[in-house]
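All chains are named by letter (A, B, ...) in the order of the sequence lines, taking the proteins before the strands, and each is independently numbered beginning at 1.
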Amino acid sequence: MTVTLTTAGPLPPLDDAEATYDVVVVGAGVVGAAVARELARYRLRTALVDASDDIGNATSKANTAILHTGFDAVPGSLEARLVREGRDLLAAYAAEAGIPVERVGALLVAWDEDQLAALPGLRDKAERNGYHASRIIGADELRAREPHLGPGALGALDVPDESIICPWTTPLAFATQAVRAGVHLHLNCRVRDITPDADGHTLTTSRGPLRTRHLVNAAGLHADGIDRLLGHDVFTVTPRRGQLLVLDKLARPLVGHILLPVPGPAGKGVLVAPTVFGNILLGPTAEDLDDKTATGSTADGIRLLREKGRRIVPGLLDEEVTAVYAGLRAATGQEDYRIQEYPGLRYVAVGGIRSTGLTASMAIGRHVMGLLTAVGLDPGEPHELPPLTMPNLGEAFPRPYRDAALIAADPAYGTLVCHCEQVTLGEIRDALTSTIPPHSPDGLRRRTRARGGRCQGFYCGAAVRALFEEERP
Amino acid sequence: MTGQPREVDVLIVGAGPAGLAAGAELAAADAGRVEILEREQEAGGIPRHCHHGGFGGRLDRSAYAWASAAGSAYARKGTTGPDFARRGVAAAVAAGAALRTGVTVTGWAGPRTVETTGPAGPEQITARAVILATGARERPRSARLIPGTRPPGVYTTGELQQAVHLYGLRIGTRAVVVGDEPVGHAAVATLRAAGVHVVAVVTDRTAPALRLRSPRVPLLTGTTVTELTGRRRLSGVALRHHDGRTTTLRCDTVVLTGDFVPDHELARRGGIVLDPGTRGPAYDAAYRTSHPGVFAVGNLLHAVERAGYAAQEGRAVAVPVLHRLAGTEEAAGAGRRLVVDAPLRWIAPNVAGPDGARPVGDRFVLRTGRRLPRPLLVVSQDGRELHRQRLLSTAVPGRPFTLGAEWVDRVDPDGTDVRITAR
């Protein structure tokens, strides 16, 4: 296994005389990584490039981490189909690769008569989307299933297959499998210009030129900019900021399901959901912005979330806040994905992948593969990728610190470094020497949970940073 | 996966000043097998990384000794944090306590049975008496709900001190310190030791809790942090003064100090009742929690008091624990709760024990949420006044003040909560 992963300096010259990739995927978020993994199944020379120092480092790391059924998608849309297909693909892949998933189910809680009246329509929409397990429950059953819910809940739509998933392990698994199968990964590699010609494209990047025959634009928030470099003016990405609060693990017993708002005239509203790490998530806000770098939280956003959270599950606000973050959804003003192939340009644009992108990622990967064939790529025969097992970050699955056999074999798995999240020296060491190692302490956190807990580094921060710097000075 | 089951007489969770002192005292009193578990690789607790003096002296005010940090004469009294920690460890070990570092209690498997993990594998330890001494931590940026970006360069004092004194990590060039409690002064000293220029100390109090002993650092009172800025690195701290003025201080480091909360997770996982004021386990003067045979000491009970005080509590828990082992203790949980009215924030202990036991030094410790010049403290139960006492000094937020305990035996064990009010 030869792994090609570069983070600095000029891009390495390709082996062959032509020095040209068959496909370059721009953007290593969950979608780009899924496309790269799909391409890795073929004997192609593929590169995955990203402007940041890690995979999954923008919208993919800061979302609500839900594996959707697609029950509420726009029936007949591309998004509805890819979410439905992607859900099954990702659920199966997660089980195989050790990505934590918990099928906690969702309840769309109606807080007034209008919302209650909207539930049958939502159930019918779910049916039209091919999801047949949802049903409406009354206030008593709702209260019995969510005893800590605030007063005034009138009923709910029960969607038992909505699940929660680890948003960090998923793109990392895709990219790891791709890279191990020969896909080149170039980080800190921002695409500045693209010059198409008869044979393909020359990309001018922050790390030098790159040649490719085919191009996939999975640049997320910046997909419109990449598209414009090719002379298009089809869509504009308006970043929609979602701020979220992560509450202490001691809040976890207060919430059993993903508690979704009933969509109404005032927008989609705020949800309360467990995370696979054992916390509770409260959010997101929905703020349309111009600035694609505005991933900061605001006092107003935090205040709004706390107000909404107090209504939904009052006890939540008594618990400490473990993290506050904000992600930007790639809204395009159209209620569907914008995936478009351009045969003359040997180019596929993957735009407008909104909050369902994590769920749909593997189906998007397959869809894009089909479109690449349509624009002239001859991929040859696919082969099976060697199976992959990711380190488990989920609370619902066995973790090293309790594994007597593992600790007996290597005491480093019994040596806790991060106490709040029970992360061991063994896990940190493994992450630092993994196929795609972290290039920042935050990257290490996304691979291990180290220093992601309630103390946010009061106890372990210096120790974790010292381990990181020892490995990557 | 259940670990290897073991039994001990006394199990102490946490080898900071309180846990070590309890272990030393109990081992010296032949309490049987006394085992102290410490999750860090080195015992000693917070003082391990407090490189200023003042520990264990008569004026040992705080784990982050405030006076010494700012270079006052008090520094010459007592010793440094690491030395204090070493002495505590040596005393416990010399007395015969079994001190095990790198062993973490991960949960409960019974009323006095804990699950642990460590390099030697998981265990289940059952004790005749459990003493929780898990300490306190500073609330991080997220829990303080400070908006903005999430760049590197944001510290609590605990992380800063460890980074500088235990790991020798690089910090930055320009720092803002938030909070003027004693620990804020310790943060200033640590930053200076690391060669970082301290731009300002910022506090939302209009009058500082104590006079800054370092005229070189501007103190901005009545000021709150409204936002952190910067991407790859912190670039600034946005501030708002109470009068509406705003500004941004350019810096690459911010240290969020004080605002301690008890590390109460293990207690809560075991269903132990908390006091709403301290957020630590509710406890009486004999350090009994709501669970029979489970005691609590140190800053888990009241975040935070000085290390010397925590150690004193550790020593004081020995007698009630020995009673427990001998089968001669009063039932726990039968006492009356002590509750405070605002602006008082908490009182400790916060249960009047059934046996009329008096707290350490015959005094209760209190905190206030706002400055109270010479307050009158009134203790009452069911409308009946039990005690009144005029404080001769000013009670200020972030600093302890005390209330005499001579009224404890006047508490009606069949009455309702005892109220403490400041006028």
Query raised in the report: Side chain, backbone, both or neither: which part of B:Q162 has a heavy atom under 4.5 Å from chain A?
Result: both
Query raised in the report: Considering only heavy atoms, which portion of B:H165 lies under 4.5 Å from any heavy atom of chain A: side chain, backbone, both, or neither?
Result: neither
**Report entry** Engaged part of B:T116 at the chain A interface, taking heavy atoms whose separation is under 4.5 Å
**Finding:** backbone
Report task. Give me the contact list for residues 406-413 of chain A versus chain B, heavy atoms only, anything under 4.5 Å, ordered by residue number. Result -> A:I407, A:P411
Query raised in the report: Measuring heavy-atom distances to chain A, does B:R268 have an atom under 4.5 Å in its side chain, in its backbone, in both, or in neither?
Result: side chain
Requested in this report: Run the numbers on B:E159 and A:Q456 for side chain to side chain contact (heavy atoms under 4.5 Å, CB included), then give the verdict.
Outcome: CA-CA 9 Å; B:E159 182 178 358; A:Q456 291 283 300; over 6 Å; no
Query - Between B:P152, B:G121, B:A163, B:G118, the one whose heavy-atom pairs under 4.5 Å with chain A are most numerous - result: B:G118
Query raised in the report: With only heavy atoms counted, which part of B:T156 is less than 4.5 Å from chain A, the side chain, the backbone, both or neither?
Result: side chain
**Report entry** Contact origin within B:R170 toward chain A - heavy atom pairs under 4.5 Å
**Finding:** both
Query raised in the report: Given that the side chain runs from C-beta out, which part of A:A294 has a heavy atom under 4.5 Å from chain B: side chain, backbone, both or neither?
Result: backbone
Report task. Please determine if B:E265 and A:K249 form a salt bridge, counting it only when a charged side-chain N lies under 4.0 Å from a carboxylate O. Result -> no
Query - Contact origin within A:R306 toward chain B - heavy atom pairs under 4.5 Å - result: side chain
Query - Beyond-backbone contact of B:R39 with A:Y459, side-chain heavy atoms, under 4.5 angstrom - result: yes
Requested in this report: Go through the atoms of A:R451 and report whether side chain, backbone, both or neither lie under 4.5 Å from a heavy atom of chain B.
Outcome: side chain
Query - Part of B:R144 lying under 4.5 Å from any heavy atom of chain A - result: neither
Query raised in the report: Is there a side chain to side chain contact (heavy atoms under 4.5 Å, CB included) between A:Q422 and B:T104 once you walk through the steps?
Result: CA-CA 9 Å; A:Q422 286 115 6; B:T104 307; 5.8 Å; no
Query - B:R137/A:R454 under side chain to side chain contact (heavy atoms under 4.5 Å, CB included): CA gap, chis, key distance, verdict - result: CA-CA 10 Å; B:R137 63 174 191 270; A:R454 58 173 64 92; 3.4 Å; yes
Requested in this report: Please identify each residue that fulfils side chain to side chain contact (heavy atoms under 4.5 Å, CB included) with B:T247, with sequence neighbours left out.
Outcome: B:L239
Report task. Dump the intermediate steps for side chain to side chain contact (heavy atoms under 4.5 Å, CB included) on A:E320 and B:R279, then the final yes or no. Result -> CA-CA 11 Å; A:E320 295 282 309; B:R279 303 286 288 158; 5.7 Å; no
